[in-house]
Each structure stands twice: as structure tokens, then as C-alpha cells.
Amino acid sequence: MFTQSYRGVVAMMAAAHTDKDSALYASCAAVHSAGAQLLQRAQAEGMARMDMNGDDLFALITALGWAVDQPSFASRADHLVQLITSAILISQPS
């Protein structure tokens, strides 16, 4: 996982998210925008919950990144990704 290869990057991204003077701001804004667009498309197709927005998604991604960056949670990374994904995506009928 990305966060395990680059320890601490998630905290830097979360901090830079609203700091226009940060060297990471443009990259964070691009990631945020892309995520928000994907979320909106999934919502329009009825695949994602409607009560969240791009800020919520970015916060969940950074929270997940922080969690798996911690040595005590690293072994549970796949499980944590599944939990967050299932909280965002709506189950579709088979």
C-alpha cells in the first residue's frame, strides 16, 4: 500500500489540503478533485451513498492512510480498506 511505502505522507497531504502556500497543495487539490468526481459519478449511478461529498471522501482516505501507517494496524490494512469501501459503496442487487 502507498502509505506503507511513504510513511508520513498522508499527514502531510491532510495538512496541505487547505494550505494554498504548501508545495503539496496543487497535488492534494488534484487528488481531492479526482476523488470528488469519481464519488459524484458513483452517486449518480446509485452506487455510492448520497450523504457524503468530496471532502468526506478525502477525510476518509487520509484517515485510512493514517491508520495503516501505524505499525499496530498495518497487518489489518486490507480489512480496513474493505470496511471503508463498504461504508461508502451501496450494495447492488445481483
Side-chain angles (χ1 to χ4, degrees):
M1 179 173 260
F2 172 78
T3 59
Q4 291 170 327
S5 298
Y6 302 98
R7 294 216 177 272
V9 73
V10 173
M12 289 187 297
M13 288 178 67
H17 173 63
T18 56
D19 180 4
K20 292 184 179 183
D21 294 329
S22 170
L24 291 175
Y25 178 78
S27 296
C28 291
V31 168
H32 181 280
S33 178
Q37 290 174 12
L38 288 171
L39 176 62
Q40 288 172 346
R41 191 164 62 199
Q43 289 169 326
E45 294 177 11
M47 297 176 64
R49 5 175 357 136
M50 296 298 294
D51 62 342
M52 64 183 298
N53 62 28
D55 290 334
D56 299 329
L57 181 62
F58 191 80
L60 288 172
I61 290 168
T62 57
L64 179 61
W66 175 87
V68 301
D69 194 29
Q70 307 307 305
S72 59
F73 296 123
S75 66
R76 309 242 338 129
D78 290 339
H79 177 70
L80 294 171
V81 168
Q82 291 292 331
L83 283 173
I84 296 295
T85 302
S86 68
I88 296 169
L89 298 177
I90 298 170
S91 296
Q92 295 293 306
S94 299

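Reckoned from all heavy atoms, side chains included, excluding hydrogens, waters and symmetry mates.
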Answer whether the closest heavy-atom distance between the side chains of M47 and R41 falls below 4.5 Å. no
How long is the span from the CD1 atom in I90 to the CD atom in E45, to the nearest 0.5 Å? 11.5 Å
Output for pair (H79 NE2, F73 CZ), nearest 0.5 Å, gives 11.5 Å
As an exercise, state the distance from CZ of F58 to CG of L39, rounded to the nearest 0.5 Å. 14.0 Å
With salt bridge (Lys or Arg N to Asp or Glu O under 4.0 Å) as the rule and sequence neighbours excluded, what pairs involving residues 47-58 come up? R49-D51
So which of L57, L64, I61 actually passes side-chain contact (heavy atoms from CB on, under 4.5 Å) with I84? L64
Closer than 3.5 angstrom, by distance alone: can the side chain of S86 be matched with the main-chain N or O of Q82 as a donor-acceptor pair? yes
Measure from the side-chain N and O atoms of Q70 to the backbone N and O of W66, and report whether any donor-acceptor pair falls under 3.5 Å. yes
Rounded distance (nearest 0.5 Å) linking atom OG1 of T85 with atom CG of L60: 10.0 Å
Do you know the tightest heavy-atom contact between G54 and A36? CA-CB, 3.8 Å
Heavy-atom closest pair, residues M52 and I88: SD-CG2, 3.8 Å
